[in-house]
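None of these values were measured; they are calculated from a predicted model. For reference, positions follow the sequence shown, starting with 1.
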Amino acid sequence: MKKVPHINRRRCLALGAGVGVSLMAGRAAAAWPIDVVVELFSSQGCNSCPPADKLLAELHGKPGVLALTFHVDYWDYLGWKDTLAGPDFSRRQYDYAKARGDMDVYTPQMIVNGQKQMVGSQRSEVFAVLEQSRIRPWPVALSIADKGKELVFEAGAGQGEATLWVMPILDRISVKIEKGEMAGREVSYTNVVRKLAPAAMWSGSATRLSLPKDGLLTPDATGCVALLQTGKVGPVLGAAAWGRVVS
């Protein structure tokens, strides 16, 4: 497990801007039911991360599990710039730590349903937490529909206030790492989040949001995930996926 040098030295991280994309027209929505969301914070500059990356790929194949990988950039100074990392992903991890109040930030770190955190390579603990955390139905119904040049996101009615996060996903990629702690290794990653966008605020009323694909998705995206989370990065209230997020 690799700890961040010190939480107070974190940089001010900004959300990334939208870029162009191929429209992926005609791709069917992911129809499988989701009852637990797992987020892995990983890095190509972390030599303790590959076991967690491998475990996430295994979780990805389990019924009901939505497994996502976020690559952080705070280890880039060690000699290798992570090709999948971004400051918004690092900020998300820090925001989780602040929301929990423990300020515990490290790689590889897994977070389940926006709440429970653990070392992402600790197989027995990960599986135990997953089985304890399955939710069906979610407190708020959430869906993604393909409308040609747009994706339509719908959240049902409920209670509280939440953020609708929209995330273009690259389902699989292998990267050969040439420098740093992992020099000479090739690592495969699963369901890599390529952009993180707070698309809307939800305050309990049924909500429908249409977003153009060419402004939302990244050129390498194979699908898209939506999470509705209490506040900013609190408990997950709803989850949905579209496209090739699962194979």
Side-chain angles (χ1 to χ4, degrees), residues 16 19-73 75-76 80-86 88-90 92-93 107-112 120-121 123 126-127 130 144 146 151 165-178 180-197 213-214 216-227 239-247:
V19 297
V21 66
S22 58
L23 293 181
M24 299 165 59
R27 183 164 290 160
W32 47 281
I34 300 168
D35 53 28
V36 63
V37 178
V38 182
E39 300 177 49
L40 171 65
F41 291 89
S42 184
S43 172
Q44 295 168 12
C46 165
N47 62 10
S48 58
C49 284
D53 298 318
K54 186 176 181 180
L55 180 56
L56 189 90
E58 182 180 345
L59 297 180
H60 159 79
K62 300 295 183 182
V65 178
L66 175 59
L68 305 172
T69 303
F70 295 82
H71 278 246
V72 298
D73 65 351
W75 298 124
D76 286 359
W80 174 254
K81 183 176 175 59
D82 191 311
T83 61
L84 300 170
D88 45 341
F89 309 140
S90 301
R92 182 172 177 84
Q93 189 182 23
T107 54
Q109 184 179 44
M110 277 188 184
I111 297 176
V112 177
S121 56
R123 183 185 182 87
V126 168
F127 274 93
L130 252 63
I144 307 174
D146 188 341
L151 292 180
W165 292 100
V166 176
M167 310 172 193
I169 302 295
L170 173 59
D171 62 345
R172 297 186 190 280
I173 187 173
S174 294
V175 178
K176 186 174 182 180
I177 301 167
E178 299 175 0
E181 294 184 347
M182 299 266 286
R185 299 187 65 174
E186 184 170 343
V187 184
S188 296
Y189 301 105
T190 304
N191 284 351
V192 180
V193 177
R194 302 301 292 129
K195 188 171 71 173
L196 184 59
K213 291 179 183 176
D214 61 356
L216 170 64
L217 303 178
T218 56
D220 57 357
T222 60
C224 186
V225 163
L227 297 181
W242 164 86
R244 202 172 72 231
V245 179
V246 294
S247 56

Step-by-step side chain to side chain contact (heavy atoms under 4.5 Å, CB included) determination, Asp171 to Thr190 | CA-CA 5 Å; Asp171 62 345; Thr190 304; over 6 Å; no

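- Residues Ser188 and Ser174 approach most closely at OG-OG, 2.7 Å, considering heavy atoms.
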Check the pair Glu178, Trp80 against side-chain hydrogen bond (donor to acceptor under 3.5 Å, both in side chains), reporting the backbone distance first and the verdict last.
-> CA-CA 7 Å; Glu178 299 175 0; Trp80 174 254; over 6 Å; no

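- Proximity of a side-chain donor or acceptor of Thr222 to a complementary backbone N or O of Arg244 within less than 3.5 Å is detected.
- To the nearest 0.5 angstrom, Leu55 atom CG is 6.0 Å from Arg123 atom CZ.
- Of all the heavy atoms in Pro50 and Met182, the pair that sits closest is CG-CE, 3.3 Å.
- When all heavy atoms are compared, the tightest approach of Ser48 to Pro51 is O-CD, 3.6 Å.
- Side-chain contact between Phe41 and Ile111 is present, with heavy atoms from C-beta onward closer than 4.5 Å.
- Between Val37 and Leu227 the shortest side-chain heavy-atom distance falls below 4.5 Å.
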Audit row: Gln109, Phe70, side chain to side chain contact (heavy atoms under 4.5 Å, CB included) steps and yes/no = CA-CA 10 Å; Gln109 184 179 44; Phe70 295 82; over 6 Å; no

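- The line from CD of Glu39 to CD of Gln93 is 10.0 Å long, rounded to the nearest 0.5 Å.
- Shortest non-hydrogen contact noted between Cys224 and Leu216 is SG-CD2, 4.3 Å.
- Note that CD of Gln44 and CG of Asp76 are 8.5 Å apart. Values are rounded to the nearest 0.5 Å.
- Nearest heavy atom pair, residue Leu66 against residue Val245, reads CD1-CG1, 4.0 Å.
- Between atom NZ of residue Lys54 and atom CG of residue Leu59 there is a gap of 13.0 Å, rounded to the nearest 0.5 Å.
- Ile169 places none of its side-chain heavy atoms less than 4.5 Å from the side chain of Arg194.
- Considering CG of Leu196 and CZ of Arg92, their distance stands at 5.5 Å, rounded to 0.5 Å.
- The minimum heavy-atom distance between Pro108 and Leu40, with the atom names listed, is CB-CD1, 3.9 Å.
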Evaluate the side chain to side chain contact (heavy atoms under 4.5 Å, CB included) criterion for residues Val187 and Val175: first the C-alpha distance (whole Å), next the side-chain angles of each, then the deciding distance (0.1 Å), finally the verdict.
-> CA-CA 5 Å; Val187 184; Val175 178; 5.8 Å; no

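- Each of Asp82, Thr83, Thr107 was evaluated against His71; a single residue qualifies, Asp82, per the side chain to side chain donor-acceptor pair (under 3.5 Å) test.
- A salt bridge links Asp146 to Lys213: at least one charged side-chain nitrogen sits closer than 4.0 Å to a carboxylate oxygen.
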Given side-chain hydrogen bond (donor to acceptor under 3.5 Å, both in side chains), test Thr69 with Asn191 step by step and report yes or no.
-> CA-CA 6 Å; Thr69 303; Asn191 284 351; over 6 Å; no

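- The CG atom of Leu84 sits 8.5 Å away from atom CZ of Phe89, with the distance rounded to the nearest 0.5 Å.
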